[in-house]
Amino acid sequence: MPSAPAPRLAPLPAPVRPDPVRDRWTGQMRLAIAEAALATATGDVPVGALVLGPDGTVIGRGHNEREAVGDPTAHAEVVAIREAARAVGEWRLAGCTLIVTLEPCTMCAGAIVLSRIDRVVFGALDEKAGAAGSLFDVMRDRRLNHRPEVVHGVLADECGDQLRAFFDTQR
């Protein structure tokens with residue numbers, strides 16, 4: 001009796017290598033992605049942001065609200081920074097980290113520098129308006145008096161997919 005052919009096995013996916021710089025931020029980025037989802041209820045672009053205090057607790061959160069409140073400055077980062085400043089009782093957010101699903105624009109990059117946030121962690125690149133390395137590099141400009149650490153690409157595919165899905169519904 002002939003033996004049955006050996007089953008065809010799919011090749012194993014390449015092992016995912018740990019990334020100690022980005023992996024530590026994935027939990028917080030998932031929270032920012034959830035925050036971004038809240039923006040779509042008002043027709044706003046789904047961008048979410050969190051400000052973490054020096055101890056890692058969330059002290060500010062925001063999602064895009066430009067359409068909801070009719071304010072061109074109501075970007076997720078600015079909303080989160082304002083909430084964090086109220087929480088700590090001052091405008092200086094030294095020791096804090098901003099987590100955001102999309103690379104900050106020039107306005108938000110300016111707000112980040114002026115608020116003295118120590119670190120910015122973002123997901124998807126914004127090649128049309130990004131100011132953290134894509135189009136401009138405002139936050140790392142040596143002429144400025146404060147330059148936060150920038151960590152990019154945390155859950156970039158998930159962040160980008162959320163934005164693409166939103167814009168697909170707009171076409």
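Everything numeric in this text was worked out from a predicted model, so none of it was measured. Position 1 is the first residue of the sequence, and the numbers go up from there.
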Undergrad: Kindly write out the residues that satisfy side chain to side chain donor-acceptor pair (under 3.5 Å) with Arg142, not counting sequence neighbours, or none if the list is empty.
TA: none
Undergrad: Please name all residues satisfying salt bridge (Lys or Arg N to Asp or Glu O under 4.0 Å) with Asp118, sequence neighbours left out, ordered by chain then number.
TA: none
Undergrad: Do any pairs count as a salt bridge (charged side-chain N to carboxylate O under 4.0 Å, His left out) and have a residue in residues 29-43, sequence neighbours left out, and if so which ones?
TA: Arg30-Glu158, Glu35-Arg61
Undergrad: Compile the donor-acceptor pairs under 3.5 Å between side chains in residues 128-135 and protein atoms, sequence neighbours left out, one pair per line.
TA:
from	atom 1	to	atom 2	distance (Å)
Ser134	OG	Glu103	OE1	2.5
Ser134	OG	Glu103	OE2	3.4

Undergrad: Go through the structure and list residues passing salt bridge (Lys or Arg N to Asp or Glu O under 4.0 Å) with Asp23, not counting sequence neighbours.
TA: none
Undergrad: Starting from Val69, walk the hydrophobic network (Ile, Leu, Val, Met, Phe, Trp, Tyr; side-chain heavy atoms closer than 4.5 Å) and list everyone else you reach, by chain and number.
TA: none
Undergrad: Show every side chain to side chain donor-acceptor pair (under 3.5 Å) that has at least one partner inside residues 67-77, sequence neighbours left out.
TA: Asp71-Thr73, Thr73-Arg82
Undergrad: Apply side chain to side chain donor-acceptor pair (under 3.5 Å) to Arg17 and list each qualifying residue two or more places apart in sequence or on a separate chain.
TA: none
Undergrad: Name every donor-acceptor pair, under 3.5 Å, that has one atom in a side chain of residues 89-101 and the other anywhere in the protein, sequence neighbours excluded.
TA:
from	atom 1	to	atom 2	distance (Å)
Glu90	OE1	Arg92	NH1	3.3
Thr97	OG1	Arg119	NH1	2.8
Thr101	OG1	Gly48	N	3.1

Undergrad: I'd like to check the side chain to side chain donor-acceptor pair (under 3.5 Å) partners of Asn145; sequence neighbours left out, ordered by chain and number.
TA: none
Undergrad: Members other than Leu38 in its cluster, when Ile, Leu, Val, Met, Phe, Trp, Tyr link by side-chain heavy atoms under 4.5 Å?
TA: none
Undergrad: Quick one: side chain to side chain donor-acceptor pair (under 3.5 Å) partners of Thr169, sequence neighbours excluded?
TA: none
